[in-house]
Amino acid sequence: MKDPLRTQIRHVLDALGDVPDDFEIELEEPDRPEHGDLATNTALRLASVLGDNPRSIAETLAAQLRERVDPSRIQSVEVAGPGFVNFRFAQDYLFEGLADLLAEGDTFGKTDNGTGQTALVEYVSANPTGPLNVGHGRNAVLGDTIANLLEWTGYDVTREYYYNNAGRQMRVLAQSVRARYEALAGDVSTTSLTLDDGTTVEVPAGFPEDGYLGQYITEIADDLYDEHGDALLATDDLAPFREAAEQAIFADIEDTLRALTIDMDGYANEQALHDEGRVQEVLNGLDDAGYTYEENGALWFKTTEFGKEDDTVLVKQTGEPTYRTPDIAYHTAKFGRGFDLMVDVFGADHHAAYPDVLSALDVLGHDTDRVDVVLYQFVTLVRGDEPVKMSTRRANYVTLDDLIDQVGADVTRFFFLMRSPDTHLNFDLELAEEESEKNPVFYLQYAHARICSVLDKAEEVGFSHDADADLSLLTHEDEIALIKELLRFPQELQNAAEARAPHFVPNYLRDVATAFSQFYDHCQIIGEENERASARMQLARAAKTVLKNGLTVLGISAPRQM
RNA sequence: GCGCCCGUAGCUCAGUUGGAUAGAGCAGCGGACUUCUAAUCCGCAGGCCGCAGGUUCGAAUCCUGCCGGGCGUACCA
């Protein structure tokens, strides 16, 4: 609807003369219903250009538009306020839209901006050193939903998880497992470690200074001991420990993701990038372009040339790359696979690092406009007013699994999605655990269940929702308001996808649920005469479709009953 | 010090490209169920949109400076 209107306005402006060719016509949906369904500020913005007062420009514009617009779509064109021109949809236009919605069914909301393009969404990407925490949960759910949104706007989407398995972290992990294993296999003396909080803990003598203390490490060691007995003591090779740990921890991570209905298309890891020579290629490429130098035995990247305060180390004195280097290599690999769009979902703690990756990609000749980084702020768990204390070091934190066990997958996903990624998230366990009207996710699910129930009941008593129901009987103000709300869905998804802002969707769906509840309260089905009942059943079905499709995008179930 | 995010109702937060009288949920107060699910609906109350300047016909939104909170600023990831 916006595009045809823009065209008409353009025609009028061209006739007016003196309007710059690049003048952009803005159309917006006004907040207040009395301002119509669409409004343009064109007259206000042209006042200074044309040297006339905005009100009179608006009058001219409106008069000519009344002649031009299609009356079956636009019912009225009015001048209001300081010089806005407000448009009101014809009801027939709404009924057509509703009929289209019903015909499209579970594909209603899909658009085609991304059609023919491929996107790679990288998310979670936690290294397999322990169970996922709630911060990873926010990452996982945001990434997964952004991937869904891109699919709904036509992209062919690949979901990928990247992790570092070649560096120091995994070595420390392996050493931690080995130390526990040695303690099982033989009589090993213990030593005590002092933690940040000043407490001490007894560990086997070979345990690394910054090792992983979680119970899961001991369990992995137990399994190794059950399988191999003392045999692994003979070698200094850490590989069996590292591999066992990676495998066991990854299995747990995948279970956790599955519980959130997250299904990755693929996993990429650092080791493979080394094996394929990608990391070396990056170093060569940056060196050839003259952006690296050696100092103090390390290899540096001249990030000061890109406005950073300091240069950045790519390869440490030890010969090991910093984590940035394989990360760059991973991105060159993504480019090599030909994706049109690459979205990376990172925690706020990465914000200092990703610009280096982009700078390097730029030097290597890649189009960094195709890479989009979504940064999200941290998650704090609270219970009512009390913050929930956690220590990562001791692995004594509420894991993502714990959270899902306590509040369920739907609530977990919803709470992570309902806030902007930009805002620090207070996850209130007390509210999340509450299965009541206070919990916003139930409001949406309840509306869906209620529609299912109403439609079933109406059919039981002999009504039916004929495909040829006369939708023009839907003239009650709550019916019209609901239709308008429902028809916004495709645009809403498109906005959310483009802005990488999943939280638009829960906010919108709450408005849909509210509009439906108001309709439900004021417009009966059973008890009405057949024609009207059929039309209302069709409208209820349309609302159900939007709620269902919207919840599907969010990865949240739409129950038939509650 | 520097960089990024945030500051909007008692609380948690919406408010895409600058628009008309700044919104929602929760909490508070008052109403509505012998009728399709009351996990609902209707109403009331609640605001110097952190502060101060600036740009504009118009600023919660853009710019500058300050104040407050978070995260970074590693040869950790």
Side-chain angles (χ1 to χ4, degrees), chain A residues 24 26 28 30-32 34-35 39 41 44-45 47-48 53-54 80-84 86 125-127 129 163-164 167-169 172 210 295-300 307-310 312-318 320-324 327 347-353 355 375-378 380 382 385 418-426 428 431 434-440 442-443 445-447 449-458 460-461 463 492 495-496 498-499 501 503-504 506-508 510-511 513-514 516-518 520-528 533 536-537 540 561-562:
Chain A
E24 202 166 317
E26 294 177 13
E28 58 163 13
D31 291 333
R32 305 182 156 275
E34 62 267 29
H35 294 147
N41 58 6
L44 289 159
R45 292 175 50 238
S48 59
N53 80 70
F84 290 99
N86 296 337
S125 294
N127 291 341
T129 58
Y163 60 101
N164 300 104
R168 200 189 73 91
Q169 267 198 348
V172 173
D210 50 357
E295 191 175 292
N296 298 331
L299 184 72
W300 296 74
K308 291 230 344 180
E309 273 188 53
D310 300 303
T312 306
V313 172
L314 291 171
V315 181
K316 304 180 218 174
Q317 274 182 352
T318 60
E320 254 182 335
T322 59
Y323 76 98
R324 257 168 253 241
D327 211 27
D349 54 339
H350 278 69
H351 92 261
L375 284 185
Y376 61 92
Q377 301 298 309
F378 276 30
T380 311
V382 297
D385 295 328
M418 70 181 175
R419 303 302 182 211
S420 160
D422 278 343
T423 167
H424 183 96
L425 180 68
N426 276 320
D428 188 343
L431 180 60
E434 193 156 354
E435 298 199 6
S436 77
E437 73 283 357
K438 289 181 191 171
N439 194 326
F442 294 125
Y443 184 68
Q445 295 184 317
Y446 178 73
R450 203 182 208 184
I451 295 170
C452 294
S453 163
V454 168
L455 290 175
D456 287 349
K457 187 66 70 78
E460 270 173 38
V461 299
F463 290 101
E492 204 65 36
N495 290 348
E498 277 168 18
H503 69 287
F504 289 0
N507 285 326
Y508 164 74
R510 187 182 31 70
D511 291 342
T514 298
F516 169 75
S517 297
Q518 290 168 339
Y520 173 86
D521 242 58
H522 299 127
C523 304
Q524 287 275 316
I525 292 173
I526 297 169
E528 286 292 336
R536 286 183 173 170
M537 286 174 79
Q561 57 184 8
M562 293 184 73

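Order of the sequence lines fixes the chain letters, A, B, ..., with proteins taken first and strands second; residue numbering starts at 1 for each chain. Quick caveat: nothing in here was measured; it's all calculated off a predicted structure.
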Quiz item: How is A:N127 classified with respect to the nucleic acid when contacts are heavy atoms under 4.0 Å: base, sugar-phosphate, or nothing?
Solution: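 Sugar-phosphate: the residue A:N127, judged by heavy atoms under 4.0 Å, touches backbone atoms but no base.
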Using a cut-off of strictly less than 4.0 Å, decide whether [X] has a side-chain nitrogen or oxygen near OP1 or OP2 of [N].
| X | N | result |
| --- | --- | --- |
| A:K316 | B:C76 | yes |
| A:K457 | B:U37 | yes |
| A:Y323 | B:A74 | no |
| A:N426 | B:C13 | yes |
| A:K438 | B:C11 | no |
| A:H503 | B:G15 | yes |
| A:R536 | B:C36 | no |

Quiz prompt | Backbone of A:L314 reached by a side-chain donor or acceptor of A:W300 within 3.5 Å | solution =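 Side chain of A:W300 to backbone of A:L314: no pair is present.
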Any donor-acceptor pair, under 3.5 Å, between the side chain of [X] and the base of [N], if you only look at N and O atoms?
| X | N | result |
| --- | --- | --- |
| A:Y446 | B:A39 | no |
| A:R450 | B:U40 | no |
| A:N41 | B:G19 | yes |
| A:D521 | B:A38 | no |
| A:H351 | B:G3 | yes |

Self-check item: Distance, P atom - from B:G31 to B:C71, rounded to whole angstrom
Solution: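 Here B:C71 and B:G31 have their P atoms 47 Å from each other.
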Exercise. Using Watson-Crick or G-U wobble geometry with both distances below 3.5 Å, tell me the partner of B:U34, or none.
Key: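 Because no pair has both required distances under 3.5 Å, B:U34 counts as unpaired.
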Exercise. Using both distances under 3.5 Å as the test, list the Watson-Crick or G-U wobble partner of B:C44, or none.
Key: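 Base-paired to B:G28.
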Quiz item: Do other residues, nucleotides or ligands put more than 12 heavy atoms under 6.0 Å from A:D31 CG?
Solution: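 Counting other residues, nucleotides and ligands, CG of A:D31 stays at 12 neighbours or fewer.
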Self-check item: Stacking of A:F84 on B:G19 base (centres under 5.5 Å, planes under 30°)
Solution: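 Here the ring of A:F84 and the base of B:G19 are not stacked, as the 5.5 Å and 30° limits are not both satisfied.
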Self-check item: NZ/NE/NH1/NH2 to OD/OE distance under 4.0 Å, A:E320 and A:R168
Solution: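 Judged by the 4.0 Å cut-off on N to carboxylate O distance, A:E320 and A:R168 do not form a salt bridge.
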Quiz prompt | Donor + acceptor pair across side chains of A:E434, A:N439 (<3.5 Å) | solution =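 Side chains of A:E434 and A:N439: no pair found under 3.5 Å.
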Self-check item: Nearest-Å distance for atom pair CZ/P, residues A:R510 and B:A24
Solution: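 Checked: the CZ to P distance equals 9 Å.
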